[in-house]
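So that the names make sense, note that chain A is the first sequence line, chain B the second, and so on, each numbered from 1.
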Protein chains: 2
Amino acid sequence: MKISTKGRYAVRLMVDLAQNNTGANVSLKDVAKRQDLSVKYLEQIITLLTKSGYVISTRGANGGYRLAQKPENYTVGMILRLTEGSLAPVACVESDVNMCPRKDDCCTIFVWKKLYKAICDVVDNITIADIVNMGADNYII
Amino acid sequence: MKISTKGRYAVRLMVDLAQNNTGANVSLKDVAKRQDLSVKYLEQIITLLTKSGYVISTRGANGGYRLAQKPENYTVGMILRLTEGSLAPVACVESDVNMCPRKDDCCTIFVWKKLYKAICDVVDNITIADIVNMGADNYII
DNA sequence: CCTATATCATATAAGATTGCTATGAATTAA
DNA sequence: TTAATTCATAGCAATCTTATATGATATAGG
């Protein structure tokens with residue numbers, strides 16, 4: 001039940017792009033320095049974000065990245081699904097693709113469905129803008 | 001964000017013991033047959049449950065397992081924490097053991113804390129008895 | 001005492017995933 | 001032309017997952 005570094009770094013990456021948006025491109029080198037992460041690993045992660053159109057890239061000198069849309073348009077859920085894959089705690093609670101033969105008389109599936117819903121309710125209702133606006137010491141749980 | 005087979009089988013195992021409690025011992029062979037799982041794998045899983053005192057074992061012929069307490073005393077959370085380890089989606093949201101150096105000015109930690117709380121709220125409020133009482137076709141999400 | 005039936009204790013292992021690092025090509029501003 | 005970037009792949013050690021395998025130990029019943 002862990003979120004991998006890939007997913008977590010992707011969120012931090014998006015937040016960093018939002019925080020450092022001055023209209024100019026933001027280079028991964030700068031992000032990596034600020035976030036204390038490897039440029040090379042971030043390159044792999046941002047590839048997913050650019051290919052999905054969440055981030056716009058510009059090559060060459062003075063190149064870099066920008067958010068394609070406003071921070072409030074990106075939920076944590078969108079980013080995690082992209083990087084982590086499905087957020088379902090077990091495969092059988094989603095598409096019929098991974099249809100389990102025991103599904104019909106499985107008495108535990110409602111547990112996983114409820115868990116899945118709870119997870120989605122959280123990540124689909126927090127945006128990058130929420131994170132940016134949330135100061136480090138005044139958050140409420 | 002997946003729950004492994006170990007955790008899922010552990011829950012099914014506990015439910016099976018609850019459902020088939022006649023006062024007599026329940027052998028893993030029977031559980032394995034009903035749940036369509038390997039006896040050997042179940043042995044490993046139930047070891048965790050017996051060592052924690054959730055299940056009482058009896059060796060030898062006519063031996064087997066019984067729940068130590070009533071099904072309503074076991075939550076899904078208890079079982080998953082035992083088999084999966086911590087349910088925290090990221091290490092930094094729990095004990096100070098895995099203290100992250102960025103923790104104090106980390107603006108994403110509230111996301112993971114909220115997610116962690118949501119997960120716990122679900123798994124700590126469903127008991128084995130709830131699962132047993134929940135028919136396969138009349139559950140409500 | 002013998003045997004069948006259980007649990008208990010370890011060891012092994014293939015395959016997948018994680019969390020990176022490495023190499024180098026392609027693009028572009030200055 | 002050069003320096004700064006992104007882009008595209010490959011590689012790899014470590015760990016985790018999901019079991020299977022072997023055999024020891026305990027016990028009820030005959």
Side-chain angles (χ1 to χ4, degrees), chain A residues 1-13 17 20 24-33 35-68 80 83-87 89-91 98 100, chain B residues 1-13 17 20 24-33 35-68 80 83-87 89-91 98 100:
Chain A
M1 284 295 287
K2 286 281 178 287
I3 293 188
S4 72
T5 55
K6 205 159 144 193
R8 287 187 281 132
Y9 294 177
V11 173
R12 281 168 60 186
L13 186 45
L17 291 183
N20 296 283
N25 289 318
V26 178
S27 76
L28 274 195
K29 195 179 150 198
D30 291 345
V31 176
K33 201 172 293 172
Q35 299 294 327
D36 194 28
L37 298 172
S38 130
V39 175
K40 280 299 169 193
Y41 196 21
L42 283 179
E43 279 183 356
Q44 286 180 29
I45 294 167
I46 209 163
T47 295
L48 297 166
L49 298 166
T50 34
K51 284 193 173 157
S52 311
Y54 294 1
V55 161
I56 292 173
S57 69
T58 311
R59 300 182 72 166
N62 293 341
Y65 302 90
R66 284 171 293 117
L67 293 186
L80 291 183
T83 50
E84 300 281 294
S86 163
L87 296 178
V90 305
N98 297 309
C100 171
Chain B
M1 286 293 287
K2 285 280 177 289
I3 293 187
S4 71
T5 56
K6 205 159 144 191
R8 286 187 282 134
Y9 293 177
V11 173
R12 279 168 64 184
L13 185 46
L17 291 182
N20 295 284
N25 290 316
V26 178
S27 75
L28 275 195
K29 194 177 148 200
D30 290 346
V31 176
K33 199 171 297 174
Q35 300 294 325
D36 193 27
L37 299 172
S38 127
V39 174
K40 280 298 170 192
Y41 196 22
L42 284 179
E43 278 182 358
Q44 287 181 31
I45 293 167
I46 208 162
T47 296
L48 297 166
L49 298 166
T50 33
K51 283 193 174 156
S52 313
Y54 293 1
V55 160
I56 292 173
S57 68
T58 310
R59 301 182 68 165
N62 293 341
Y65 301 89
R66 282 170 295 118
L67 293 185
L80 291 183
T83 49
E84 300 280 295
S86 163
L87 297 179
V90 304
N98 296 310
C100 170

| message | So Leu80(B) and Val11(B), do their side chains get closer than 4.5 Å, heavy atoms only? | response | yes
| Are side-chain heavy atoms of Met1(B) and Met1(A) found at a separation under 4.5 Å? | yes
| query | Should we say atom NZ of Lys6(B) is surrounded by more than 12 heavy atoms from elsewhere, each under 6.0 Å from it? | reply | no
| request: Please examine the side chains of Leu17(B) and Arg66(B), heavy atoms only from C-beta on, and report whether any two atoms are closer than 4.5 Å. | output: no
| Do the non-hydrogen side-chain atoms of Gln35(A) and Leu42(A) ever get within less than 4.5 Å of each other? | no
| Heavy atoms under 4.0 Å, any strand shown: does Thr58(B) hit a base, just sugar-phosphate, or nothing? | sugar-phosphate
| task | May I have the distance from Lys29(B) (atom NZ) to dA4(C) (atom P), rounded to whole angstrom? | result | 13 Å
| query | Side chains of Ile56(A) and Thr50(A): closer than 4.5 Å at any heavy-atom pair? | reply | no
| message | Distance check needed: dT7(C) P versus Ile56(B) CD1, whole Å only. | response | 14 Å
| task | Check Leu13(A), Leu28(A), Thr5(A) against Ile45(A) for a side-chain contact (heavy atoms from CB on, under 4.5 Å) and give me the one that passes. | result | Leu13(A)
| Short side-chain N/O contact from Ser4(A) to OP1 or OP2 of dT18(C), under 4.0 Å | no
| said: Using only atom types and a distance under 3.5 Å, with no angle test, would you say the side chain of Ser52(B) pairs donor to acceptor with the backbone of Leu49(B)? | reply: no
| request: Please list, by residue number, the residues of residues 35-45 of chain B whose heavy atoms come closer than 4.0 Å to an atom of DNA chain D; answer none if no residue qualifies. | output: Ser38(B), Lys40(B), Tyr41(B), Gln44(B)
| message | Reading DNA chain D from 5' onward, which residue's closest nucleotide shows up sooner: Asn62(A) or Lys51(A)? | response | Asn62(A)
| task | Could you pick out which residue, Ala61(B) or Thr50(A), lies toward the 5' side of DNA chain D when each is mapped onto its nearest nucleotide? | result | Thr50(A)
| query | Of all heavy-atom pairs between Ala10(B) and Thr83(B), which one has the smallest distance, and what is that distance? | reply | CB-CG2, 3.5 Å
| remark: The first and last nucleotides of DNA chain D lying within contact of chain A, meaning any atom under 4.0 Å from one of its heavy atoms, run from dA4(D) to dA10(D)
| query | Within this structure, what is the CD-to-P distance between Glu84(A) and dT18(C), rounded to whole angstrom? | reply | 7 Å
| note | Closest to the 5' end of DNA chain C, once Ile46(B) and Arg59(A) are matched to their nearest nucleotides, is Ile46(B)
